[in-house]
Amino acid sequence: MSVSPSTALPAARAAAVHRPGLALLAGAVAAASFISMDAAIKFISPRYDAVQLSFFRFASGAVFAVLLWLWQRSPLPERAAWRLHFWRSGLLLVSLVTYFHALTVLPLAMTVAISYLAPIFVSLLAMLVLHERPSRWIWLALAAGLGGVGVTLWPELGAGVPSGGSGRLLGIASVGLSALAFSGVMVLARRQAQHDSLWTILLIQNLLPMLLLALPAGLSWKPLQAADLLPIVLAGTCATIGLLSLTYAFTHLEASRVAPLEYTSFVWASGLGYLLFDEVPSARTGVSAALIVAGCLLLMRR
């Protein structure tokens, strides 16, 4: 799952563009890294529940976050700012737990395609929270996004919920909830980026969710298998590389040029799904992704 570009520092984002090619490459690396993280989690998902998978993800990411923070020694947030961090961590937990649950029951490409609803939800939340005036592009984007999800849902509903169908429907609903929660994460990140450094945000968004998950994960804990340690470390590594790459891209190139690179993740999801899980993306999934991506691209016309 992708991470908000809003974590890039505004002052750096406004800097002159010196290496557009390198910035575009960094954006593509970010998309590949986040999908690789998803694939690593999906690889071990048959043996653990979504809560424990989320704990593994944050615990692994926390190792890298602590090391990078100790290297940079960026200041911690002021006392008044911690409330916002708790809210964002809570939404991030909801987003990741529901997303990882979806990975256990849905193909990787389908999960990624539906998660593209997040940018549309961000615009809707901006209307409610920031009182932005809606334009026709928002409604067109929402219609296209809902149409894309409808393409995915229709066969599930029309089949009368066959064996295993209820689990898939719950998985689809989980991705939608994940996208909605993650849009809240992105809206809050816009405020945090104005006050905290990348290293501080990286530290807190890994440590705080890990601590919040410790008790519920412990209650349903399943012993960690030695063979699963490598995928867990890989998930934390990919998440960290993805965030740093995305931040570099948005600090050296206009957001409108970098944002569409996120949709290359569908190609990575289709490829990794086929190679690792023998998943062949259906034409329906491709149409669904195309409609949702078209809706997100419409938002750039605002």
Side-chain angles (χ1 to χ4, degrees), residues 1-13 26 30 33-34 37-38 40-41 50-100 118 121-122 125 129-130 177-218 232-251:
M1 183 174 209
S2 61
V3 177
S4 166
S6 305
T7 51
L9 298 179
R13 185 186 297 172
S33 297
F34 290 131
M37 178 199 74
D38 295 342
I41 292 296
V51 174
Q52 192 169 353
L53 290 171
S54 300
F55 178 82
F56 288 154
R57 151 64 186 92
F58 286 116
S60 180
V63 174
F64 297 98
V66 169
L67 292 176
L68 289 170
W69 183 81
L70 289 174
W71 175 45
Q72 292 291 326
R73 292 286 184 177
S74 56
L76 293 175
E78 298 179 356
R79 185 175 180 180
W82 278 99
R83 181 181 178 184
L84 198 63
H85 281 285
F86 272 101
W87 272 105
R88 183 168 183 250
S89 296
L91 288 172
L92 189 58
L93 279 180
V94 172
S95 176
L96 211 59
V97 170
T98 51
Y99 187 80
F100 284 169
F121 287 150
V122 167
L125 282 178
V129 177
L130 304 178
L177 178 59
S178 174
L180 180 60
F182 191 69
S183 65
V185 172
M186 289 194 283
V187 170
L188 291 178
R190 294 179 64 181
R191 290 177 120 193
Q192 289 177 308
Q194 298 176 9
H195 305 287
D196 299 322
S197 73
L198 166 66
W199 314 107
T200 299
I201 293 174
L202 183 65
L203 176 72
I204 295 174
Q205 78 173 17
N206 280 283
L207 277 181
L208 197 53
M210 182 191 73
L211 295 175
L212 292 174
L213 279 172
L215 179 59
I232 291 172
V233 173
L234 181 62
T237 303
C238 290
T240 304
I241 292 174
L243 178 61
L244 296 179
S245 299
L246 193 63
T247 300
Y248 178 88
F250 274 89
T251 54

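One finds the NE2 atom of His85 at 9.0 Å from the CG atom of Leu208 (value rounded to the nearest 0.5 Å). In this structure, Leu96 CG and Leu91 CG are separated by 12.5 Å, a value rounded to the nearest 0.5 Å. In this structure, OG1 on Thr200 lies 9.5 Å from CD on Gln72, to the nearest 0.5 angstrom. Remark: Ser89 OG to Asn206 CG distance equals 9.5 Å, nearest 0.5 Å. Rounded to the nearest 0.5 angstrom, Leu244 CG and Ser33 OG are separated by 9.5 Å.
Within a 6.0 Å sphere centred on CH2 of Trp87, heavy atoms belonging to other residues, nucleotides or ligands number 12 at most.
Between Gly242 and Ala30, the closest heavy-atom pair is O-CB, 3.4 Å. Closest heavy-atom contact between Phe55 and Ala217: CB-CB, 4.0 Å.
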Check: residues 59-69 side-chain donor-acceptor pairs under 3.5 Å, at least two apart:
from  : atom 1 : to     : atom 2 : distance (Å)
Ser60 : OG     : Ile232 : O      : 2.9
Ser60 : OG     : Gly236 : N      : 3.4
Trp69 : NE1    : Ser74  : O      : 2.8
Trp69 : NE1    : Ser74  : OG     : 3.3

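Side-chain contact between Ile41 and Tyr99: absent, with no pair of heavy atoms (C-beta onward) separated by less than 4.5 Å. In this structure, the side chains of Gln52 and Leu213 stay at 4.5 Å or more apart for every pair of heavy atoms. Side chains of Leu92 and Phe58 form a contact here, defined as non-hydrogen atoms less than 4.5 Å apart. A 4.5 Å side-chain heavy-atom check between Arg88 and Ile204 finds every atom pair outside the cut-off. Residues Leu203 and Leu76 meet the side-chain proximity criterion, which asks for heavy atoms closer than 4.5 Å.
Here the side chain of Ser95 pairs no donor or acceptor atom with the backbone of Ala181 at under 3.5 angstrom.
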